[in-house]
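Step one of this worksheet: look at the structure below.
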Amino acid sequence: MKRPLHKNGIPISPTLDYLTQSVNDTKKGYFKKKRLLQISLLSIGVAIAICLIAKVLISLIDLITNIAFYGSFDLKFNSPANNHLGIWVIIIPAIGGILVGLMALYGSKAIRGHGIPEAMEQILVNQSKIKPSIALLKPISSAIAIGTGGPFGAEGPIIATGGALGSTLGQLFKITPNERKIILAAGATAGMSAIFGTPIAAIFLAIELLLFEFSPKAILPVALACITGAAAHQFLFESGPVFPMPELSSPSNMALVIYSFMGIIIGFVSLGLTKVVYHIEDAFEKLPIHWMWWPAIGGLAVGIIGFFAPHTLGVGYDNITSVLSGKIPLALMLSLCFFKFLSWAIALGSGTSGGTLAPLLTIGGAAGAILGSITLLLFPNSGISIPMAALVGMSSMFAGASRAYLTSITFALEATMQSHALLPLLGACTASYLISFFFMENTIMTEKIARRGIYTPDSYEPDVLRKMTVVDVLRANSMVISTKNRISEIRSFFDLNPPLENHFIVTDDDDNFKGVITLSSIYNKNHDANGPIAELMEQNIPALESNDNLAWAVELMSKCDKEFLPVLSANEKNRVIGLLTYKDVLTAYKIHLKENQEAGINLSLKRQRIKILVRGRQLIHKVKEN
């Protein structure tokens, strides 16, 4: 009655062939490819829509800027820094803050902030579901905030709007939460690509901040959306680099060392910048007035700073281009770096609507140019240049503050088309990233949601269960019970020989597989002890093959609501070789984690040295004999 399974397994009845995987692999692969095509088409559709919205948003920002600062109804870009309002400029951002506060109060509170953390939160905890109203309210509120002098970029709002639009479309169709996440990321990054014309950086942004995975099913729809956004940028805005700058020459080794050291300094600056922003946000939380008025208070601070430093008002993309040219006086760069940061930190902490990328680029670029100027003053023959230092500072600031490492590097390269900047950017961004990683637990993108108890993935490792097969964890011996045995016989046998398992295979006289039975069923007193064991066994149980991975095993157990499944041999058709339980899967997972966490030495230098000495002596002995 109790015996181990034979090496070749027990023959299974031909009538149980359907117990193998219910879905044919070929049909399943075709279904997956068809779904990928559908999600890609939806992503392209979202991208086209968000590109048009991006153009409308930029035009709306320019319109509101002209109305607020120049009293003209014009869609042409004019920097608010050139206004002639005098001291009255102080109230313009405050009025914008009041309007944003009213929209947040009576529209949706979700329009507050710079958009990316909010999108991350919906992806991580709400199955990528964003309210459709955000797709309308976010660009309008951001256009008001930026158009009235808010020191933000348009990229954050358009990313949030694209994410909301993608999420809305994903809620209209019958798709999975993971597919909805892909469409959300596609809409968000298509907006970034449309604004800056940087499709590769947008794809990396999706991977590092939104998707939290790297697979063809996720990358391909996002890539198609970003390509669509880049094409729209050429059509709706302009061709060429979004931040043109002087041609850069290939740096020397000494210059590379200096640029990398600048990355370390900028990394520490990014830490302080992030902490100050959230300290200011905490200070606003303690104010004894309703949060609706906070953007107005922040706007008042922006107006005061803008009165003394007009270049801090508005988007400031022209400031980035000026900094990258390397022709701005040192005093102006110091003013731009400090006052832009102060204005942006207060406005963002107040909870108004706007982006973080453009301010980070402006502050980082100015800080890099300042460091470059000081270096050239102290070491005239160092071989660095102010434009390269500004570009390095711009990229490493974003890398340190957001920890979007690949996005930071590729964005700087695509936005400026300066291929010689690759090595300096690699050195500086790596240094800044390391400083951020070792000295700051969360980033400017994740701190807000981390305070709400939401964990953000920081690694994209392959699924452990997909790397292990069923046969890797299947136990060597399993107990087999005959259909002829009676319940009383099994109980008596188990009383004398307590079993180690809870599940057993049942076969007939010819060793044909008939089903499985549990220990609890055998000892259930509601059953007649003199009845055959066949009355208790479970039939029609789906089966695994020995070469299936554990991820599929867990999925099948979940679908069937079973704690165990029979396993068939992959080499010999229709032969059962054992039972896989959920405990086997957990044990294998635990062992795998332990193996990857425990350090060990696989190559002993001492042992190798002894082997060499022994072989040397043997060789000398042979030479002497000859």
Side-chain angles (χ1 to χ4, degrees), residues 196-198 200-201 240-270 273 311 316-341 357-401 405-435:
F196 292 113
T198 54
I200 300 176
V242 68
F243 298 132
M245 62 182 299
E247 191 68 28
L248 300 176
S249 59
S250 181
S252 63
N253 290 337
M254 178 59 70
L256 284 175
V257 173
I258 295 173
Y259 291 135
S260 299
F261 184 74
M262 287 182 183
I264 295 176
I265 298 175
I266 297 294
F268 281 110
V269 173
S270 70
L273 179 147
H311 287 283
Y317 291 150
D318 55 331
N319 291 333
I320 298 174
T321 304
S322 299
V323 169
L324 291 175
S325 69
K327 297 180 181 179
I328 298 181
L330 182 59
L332 183 56
M333 283 191 293
L334 285 167
S335 173
L336 183 61
C337 181
F338 176 75
F339 287 114
K340 182 73 174 182
F341 162 66
L357 182 54
L360 286 174
L361 298 179
T362 304
I363 298 165
I370 292 169
L371 291 174
S373 300
I374 295 173
T375 302
L376 284 177
L377 186 64
L378 298 176
F379 307 101
N381 299 321
S382 59
I384 70 168
S385 67
I386 302 298
M388 181 73 86
L391 183 60
V392 162
M394 182 179 85
S395 185
S396 57
M397 178 66 77
F398 185 59
Y405 175 71
L406 297 175
T407 305
S408 304
I409 297 172
T410 53
F411 178 83
L413 292 173
E414 285 187 292
T416 62
M417 298 296 180
Q418 298 291 336
S419 59
H420 287 147
L422 177 59
L423 290 180
L425 289 171
L426 279 171
C429 288
T430 301
S432 180
Y433 184 95
L434 286 172
I435 296 300

(request) Please name the pair of heavy atoms, one in L425 and one in L391, separated by the smallest distance, quoted to 0.1 Å. (result) CD2-O, 3.9 Å
(request) Determine the interplanar angle of the Y405 and Y433 rings, folded into 0 to 90°, and report it as parallel if under 30°, tilted if 30 to 60°, perpendicular if over 60°. (result) perpendicular
(message) Ignoring hydrogens, what is the shortest heavy-atom contact between Y317 and A358? Give both atom names and the distance.
(response) CE2-CB, 3.5 Å
(message) With side chain to side chain contact (heavy atoms under 4.5 Å, CB included) as the test, pick out the partner of H311 among I328, T362, N319.
(response) N319
(message) Could you check whether any side-chain N or O of S395 sits under 3.5 Å from a backbone N or O of S408, counting only pairs where one atom can act as donor and the other as acceptor?
(response) yes
(request) Write down the atom of M254, the atom of S382, and the distance for their closest heavy-atom approach. (result) CG-O, 3.9 Å
(request) Over all heavy atoms of both residues, which pair between L248 and Q418 is shortest? Give the atoms and the distance, please. (result) N-OE1, 3.1 Å
(message) Would you compute the distance between atom SG of C429 and atom CE of M394 and round it to the nearest 0.5 angstrom?
(response) 9.5 Å
(message) For a side-chain contact (heavy atoms from CB on, under 4.5 Å) check, start with the C-alpha distance between I435 and I264, then their side-chain angles and the critical distance, and finish with the verdict.
(response) CA-CA 7 Å; I435 296 300; I264 295 176; 4.1 Å; yes
(message) I need the S432 OG to I265 CD1 distance, nearest 0.5 Å.
(response) 11.0 Å
(request) Could you pull out the closest heavy-atom pair between P424 and V392, with the gap in Å? (result) CB-CG2, 3.8 Å
(message) Can you confirm whether M262 sits close enough to T375 that some side-chain heavy atom of one is under 4.5 Å from a side-chain heavy atom of the other?
(response) yes
(request) Can you tell me which residue pairs pass the ring pair (Phe, Tyr, Trp, His ring centres under 6.0 Å) test with a partner in residues 378-399, sequence neighbours excluded? (result) none
(message) Let me confirm one number: the CG-CD1 distance from L413 to I200, rounded to the nearest 0.5 Å.
(response) 9.0 Å
(message) How long is the straight-line distance from CG of L371 back to CD1 of I386, given to the nearest 0.5 Å?
(response) 9.5 Å
(message) Nearest 0.5 Å, please: how far is CZ in F411 from CG in L361?
(response) 5.0 Å
(request) Nearest 0.5 Å please: distance from the OG atom of S396 over to the CG atom of L426. (result) 12.0 Å
(request) Would you please test L360 and L273 for side-chain contact (heavy atoms from CB on, under 4.5 Å) and show each step? (result) CA-CA 9 Å; L360 286 174; L273 179 147; 3.7 Å; yes
(message) So P251 and I384, do their side chains get closer than 4.5 Å, heavy atoms only?
(response) no
(message) Give me the atom names and distance for the closest heavy-atom approach of M388 to S249.
(response) CE-O, 4.0 Å
